[in-house]
Amino acid sequence: MIEIKSFRAADGGSLILCEIKICDEDCNEKRTYRLLPEQYKELRLKKGEISEGVLAEILDADELCRALRSGRSSLAHSASSESALKQKLRMKGFSARSAERAVEILVGEDAMTEEDDAAREAERCLKKLWGKNRIAAHLRSKGYRRESVDRALLSIEYTDFSILCRRAIEKKWGTLPKNTEEEPTARDRAVAALLRLGFTMSEINQAARQ
């Protein structure tokens, strides 16, 4: 027998806790599941015995609540695109349906605006002393849409990347190495490393002259 024992509000009414007792020959236990208020109303749940089908719907509702909680926690720690957040939730074991719906709810709550998140991520990349090319590639790899990437790059357009490149040089080498008899490719390797950081040759040459 599967029986709903009680309901109670939690988290200021944003969640409904549903306590269910499951009894059979091998099991006699109580479990608590989380539902959104709208899910609770839609399912029209009442205390008493329920079918396995209703239990399955409650389990689906509980998974969505857990996916939302996980999504909010993820956004609190780092920016994320919609597609990247869906992937994170899937990797944590949530179903595609729950991950999709959780992200839809978070977007509707303005908990995540992709353009703002992409811009914040671009700012983080500047602190890592990355050039514009690497920043753009990084944003695309995280799943941000082209429009969000373009706006993020626009938000850092006044950055002097030659100065940023100069700081990267000072941090790594002090001054840009020169090719010598002992190290015939020293400068070439340094330039290649700066190119991988996303700086252009023009920015590298300008930084070397500063």
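All heavy atoms count here, side chains included; hydrogens, waters and symmetry mates do not.
- Between Ile16 and Leu45 there is no side-chain heavy-atom pair separated by less than 4.5 Å.
- With sequence neighbours left out, the side chain to side chain contact (heavy atoms under 4.5 Å, CB included) criterion links Ser202 to Thr200.
- Taking the side chain as every heavy atom from C-beta outward, Glu147 and Glu114 never approach each other to under 4.5 Å.
- To the nearest 0.5 Å, atoms NZ (Lys92) and OG (Ser70) are separated by 3.0 Å.
- Applying the 4.5 Å side-chain rule to ILVMFWY residues, one finds Leu126, Leu129, Trp130, Ile135, Leu139, Tyr144, Val149, Leu153, Ile156, Leu164, Ile169, Trp173, Leu176, Val191, Leu194, Leu195, Leu197, Phe199, Met201, Ile204 in the same cluster as Phe161.
- Tyr33 OH to Glu57 CD: the interatomic distance, rounded to the nearest 0.5 Å, is 14.0 Å.
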Arg97 vs Glu100, salt bridge (charged side-chain N to carboxylate O under 4.0 Å, His left out): CA-CA, chis, key distance, verdict
CA-CA 5 Å; Arg97 180 180 178 184; Glu100 181 88 23; over 6 Å; no

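- Between Ser162 and Ala207, the closest heavy-atom pair is O-CB, 3.4 Å.
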Salt bridge (charged side-chain N to carboxylate O under 4.0 Å, His left out) between Glu82 and Arg145, worked out
CA-CA 9 Å; Glu82 292 178 29; Arg145 293 189 294 264; 3.7 Å; yes

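- Nearest heavy-atom pair across Ser14 and Asp11 is OG-O, 2.8 Å.
- Proximity of Arg8 to Glu19: side-chain heavy atoms (C-beta onward) are nowhere separated by under 4.5 Å.
- Within a 6.0 Å radius of CZ in Arg72, more than 12 heavy atoms belonging to other residues, nucleotides or ligands are found.
- Contact detail for Gln210 and Arg166: the closest heavy-atom pair is OE1-CB, 3.3 Å.
- Taking NE2 from His77 and OG from Ser73, the interatomic distance works out to 5.0 Å, rounded to the nearest 0.5 Å.
- Note: Glu121 CD to Arg124 CZ = 5.0 Å, rounded to the nearest 0.5 Å.
- Closest non-hydrogen pair, Arg196 versus Arg134, comes out as O-CD, 3.4 Å.
- The structure places OG of Ser155 at 10.5 Å from CD of Glu115, a figure rounded to the nearest 0.5 Å.
- Here the closest heavy-atom approach between residue Ala118 and residue Ser148 is recorded as CB-O, 3.8 Å.
- Put simply, CG on Leu36 and NZ on Lys41 are 11.5 Å apart, with the number rounded to the nearest 0.5 Å.
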I'd like to know whether Glu104 forms a salt bridge (charged side-chain N to carboxylate O under 4.0 Å, His left out) with Arg101, so could you lay out the CA-CA distance, the side-chain angles of the two residues, the decisive distance to 0.1 Å, and finally the verdict.
CA-CA 5 Å; Glu104 287 178 0; Arg101 182 62 183 135; 3.3 Å; yes

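- Qualifying side chain to side chain contact (heavy atoms under 4.5 Å, CB included) partners for Arg34, counting only residues two or more places apart in sequence or in other chains: Leu15, Leu17, Asp62, Cys65, Arg69.
- Other residues, nucleotides and ligands contribute more than 12 heavy atoms inside 6.0 Å of the CZ atom of Arg120.
- In plain terms, the two heavy atoms of Leu64 and Ala102 that are nearest each other are CD1-N, 3.7 Å.
- Applying the 6.0 Å contact sphere to CD of Glu38 captures more than 12 heavy atoms from other residues, nucleotides or ligands.
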